[in-house]
Amino acid sequence: PNKTFVSEWGKTDRKSATAESSQEGLVTTTTKSTMSPTSDFTSIAPGRLCLFGEHQDYLGLPVIALALPLNCRIQVTPIPDSRILYLNALGDPWQVDLDNLPPKQDSGDEPLDFALAAVHEVVAAGWNIQYGARCVSTTDIPLQAGCSSSSAFCVAWVQVLARLSGVSLTRIEVAQMAHRAEVVHFGSPGGTMDHVTSALGGILRIGPGMWDVQRLDNTAGASDHIWVLADSGQPKDTLGHLRRCKDDRLSLLEKLGGTWDGTPTSPLSETEQVLLAATKTTRDAEIWAAREWATADAESLGKRMQEHHDALRDGLLLSTPRLEAMRKAALEAGAFGFKLVGSGGGGTGVAWASDQTTAKAVAKAMVDAGAVKTWIIDQPNGFPGASVVA
């Protein structure tokens, strides 16, 4: 891999994703179009970066996440006289006869599994996919790295199916159907953060309800909200970590009477005490960040993010030696804080920098410590959400 690649996305590279504060801004229609229904089109959906609240959306606790300038793109050529959907996802060919669907699968963790699941879900919802199409899916989101490459695919694919069905959806509805295809359909343990962030874009606080969404404006200190995303190059066991962390803590929550500040019905083991302390730390870090987001300086936010990482590492056992080497290098190069991204056990990490010069130094330091690729993200209000373009 190229170990010196640094991609910079700044205010001059991409138009600001203006944060809409109204509910109307959160439900803007994304699939409705004046294009001919049989014209070629491209469905685009970004990956996401969780800044606060890792491993807690599925517990009913809020998270803060931003849409990345890295996207899944599905290029579509409708075939009006066909009932076959052809999809090439990252070089892997797939096709399905809309008049003779294969049975539902019990499990799945690849784009083609989610593609079939989405078809089943939209048909069950009453959509009429009117004709076939040739589709090619590509992505510049790092795979199996905690940046929601699979969720971005699901969001983009739902937009494809909506357009082929003549269905107009709000952004939240796109997220809901994508979540059904990837998570509900297979009984998987994931929450809604990935799908909501990809569909809506910007920087969002999601939760505590599954579909509760608040846009976060950064009006003060915006110039020092620069993040350096780094890929460790280590693939992770997403579902394994999700199930372990979710199941262990749901059992603990029951023992606490349904609230994290409750009194346990029986003495907690040492492992349970560590797990409880870590969960409270990540919960409280997100609450503080959401409350102070518009006014806090980046150094304070970065330190809170570092506390979040320490809890994920020591309480949920989600870090790796390479991620820790990247963390140490980032902090020594001037980063305010660092945390692992996604389910952990590999994948990506993110560091918080104060300016472009520091960000470049942090990126180089993390590469020297083992990262295979880095991205400098200089956009304090995040990037656009999912869309369909000609």
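- Judged purely by atom type and a 3.5 angstrom limit, S165 uses its side chain to pair as donor or acceptor with the backbone of L161.
- Comment: E307 does not engage K303 in a salt bridge, judged by the lack of any side-chain N to carboxylate O separation of less than 4.0 angstrom.
- One distance of note links CG of L66 with CG of L204; it measures 9.0 Å at 0.5 Å rounding.
- Taking the six-membered ring for Trp and the full ring otherwise, W288 and H308 have centroids separated by 6.0 Å or more.
- For the pair T192 (side chain) and M210 (backbone), a donor-acceptor distance under 3.5 Å is present.
- Without hydrogens or angle criteria, Q56 side chain to P62 main chain gives a donor-acceptor distance under 3.5 Å.
- Side-chain atoms of R322 do not come within 3.5 Å of backbone N or O of A369 as any donor-acceptor pair.
- Remark: the backbone N or O of A89 is not paired with any side-chain donor or acceptor of D92 at under 3.5 angstrom.
- The only member of E286, E324, E54 that meets salt bridge (charged side-chain N to carboxylate O under 4.0 Å, His left out) when paired with K339 is E54.
- The environment of CD in Q273 is crowded: more than 12 heavy-atom neighbours from other residues, nucleotides or ligands sit within 6.0 Å.
- A 6.0 Å sphere centred on CG of D106 holds no more than 12 heavy atoms belonging to other residues, nucleotides or ligands.
- Residues K280 and D261 are paired through a salt bridge, judged by an N-O separation under 4.0 Å between the basic side chain and the carboxylate.
- With N381 contributing its side chain and G202 its backbone, the two residues share no donor-acceptor pair below 3.5 Å.
- The backbone N or O of H55 sits less than 3.5 Å from a side-chain atom of R249, completing a donor-acceptor pair.
- Panel note: side chain S232, backbone Q234; a donor-acceptor pair is recorded below 3.5 Å.
- To the nearest 0.5 Å, the span separating CH2 on W227 from CG on D378 amounts to 8.5 Å.
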